[in-house]
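In each ligand, atom 1 is the first atom listed, and ligand 1 is the first ligand listed. This structure is a prediction, so every number in the text was calculated from the model and none was measured.
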Amino acid sequence: MAIRDVLRMGDARLLRHAQKVGQFATPQLFDLLADMRDTMRALDGAGLAAPQIGVDLRVVIFGVHANARYPDAETVPDTVLINPVITPLDDALEEDWEGCLSVPGMRGMVPRYRNVRYQGMDEYGALIDRTVSGFHARVVQHECDHLDGILYPMRIRDFSRFGFTDILFPGRDLQDE
Ligand code: NI
């Protein structure tokens, strides 16, 4: 398939409320997912939402694998999530650094719910229903925000903790979402 251009912050298409997917297991949906996977891998991202490649649909992918350089990093299973619904399980918030392929070269400290349940469909229409916490919960919330036109800088509370990745974390090779 193809590596697609990722829209960058400032592009009005990133601000739309994306449309629900109505049909599953279609060639069009498989092609979209192939392009999303190719694009995410080419850019070494942790996740990607369809609106980031200009496709106005409620489709996200994500996945974080073990990395020899960061053996203690939490992993997240490769997931296709369509028409997602996120339900926080309590009021607990957790702040951590995030990056985004649509905001290249930057990092910000973002509060997210620590514990969430997420539901949705995979590309075949099979139900996904998971209860997760920590980094996995953060990645899901970040990606699903893209479906409602929200980029992580819009959630930053303390702008003294927003900056360029190479200045904030010299020498580190971090993934974006
Ligand atoms: Ni992002």
Side-chain angles (χ1 to χ4, degrees), residues 2-21 32-65 67 70 73-86 88 93-114 116 118 120 128 130 132-159 161-166 168-169 172-177:
I3 296 167
R4 304 271 290 264
D5 287 336
V6 175
L7 306 183
R8 288 181 300 150
M9 185 169 64
D11 192 307
R13 288 172 289 178
L14 289 169
L15 302 177
R16 293 184 292 196
H17 184 93
Q19 305 298 305
K20 272 193 163 185
V21 171
L32 169 63
L33 287 165
D35 282 1
M36 289 175 67
R37 286 191 192 97
D38 288 350
T39 303
M40 186 176 81
R41 284 185 191 137
L43 299 174
D44 194 30
L48 188 72
Q52 290 182 277
I53 58 168
V55 175
D56 190 33
L57 289 172
R58 303 186 80 76
V59 176
V60 305
I61 62 172
F62 50 84
V64 179
H65 303 142
N67 182 323
Y70 305 108
E74 293 174 68
T75 61
V76 179
D78 280 325
T79 302
V80 171
L81 186 62
I82 299 173
N83 299 343
V85 175
I86 296 180
L93 296 174
E94 197 165 68
E95 291 210 306
D96 208 346
W97 294 98
E98 291 187 16
C100 179
L101 294 171
S102 294
V103 191
M106 302 198 79
R107 277 275 183 284
M109 183 64 84
V110 183
R112 299 285 184 188
Y113 289 107
R114 186 191 318 235
V116 302
Y118 67 90
I128 293 170
R130 292 178 183 157
V132 301
S133 59
F135 183 56
H136 188 157
R138 174 172 299 276
V139 170
V140 174
Q141 289 170 84
H142 176 113
E143 294 312 328
C144 293
D145 262 358
H146 279 295
L147 306 180
D148 294 323
I150 299 168
L151 299 167
Y152 82 81
M154 300 175 187
R155 295 206 182 270
I156 292 174
R157 291 171 169 174
D158 176 0
F159 280 95
R161 293 192 291 176
F162 180 47
F164 293 97
T165 310
D166 58 335
L168 287 164
F169 303 103
R172 284 186 64 184
D173 177 18
L174 298 167
Q175 281 190 307
D176 288 318
E177 296 141 37

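Using a 4.5 Å heavy-atom cutoff, the side chains of V132 and V116 are in contact.
In this structure, T39 contributes its side chain and R4 its backbone to a donor-acceptor pair below 3.5 Å. Side-chain N or O atoms of T79 include none that pairs as donor or acceptor with a backbone N or O of I61 at under 3.5 Å.
Between R58 and D148 there is a salt bridge, since at least one side-chain N of the basic residue sits less than 4.0 Å from a carboxylate O of the acidic one.
The aromatic rings of F62 and Y118 sit perpendicular, their planes meeting at an angle over 60°, well past the 30° parallel limit.
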Could you walk me through whether R155 and E98 satisfy the salt bridge (Lys or Arg N to Asp or Glu O under 4.0 Å) test, starting with their C-alpha distance in whole Å, then the side-chain angles of each, then the deciding distance to 0.1 Å, before giving a yes or no? CA-CA 11 Å; R155 295 206 182 270; E98 291 187 16; over 6 Å; no
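Taking a cut-off of 2.8 Å, the protein N, O or S atoms nearer than that to the Ni ion (ligand 1) are C100 SG, H142 NE2, H146 NE2, E177 O.
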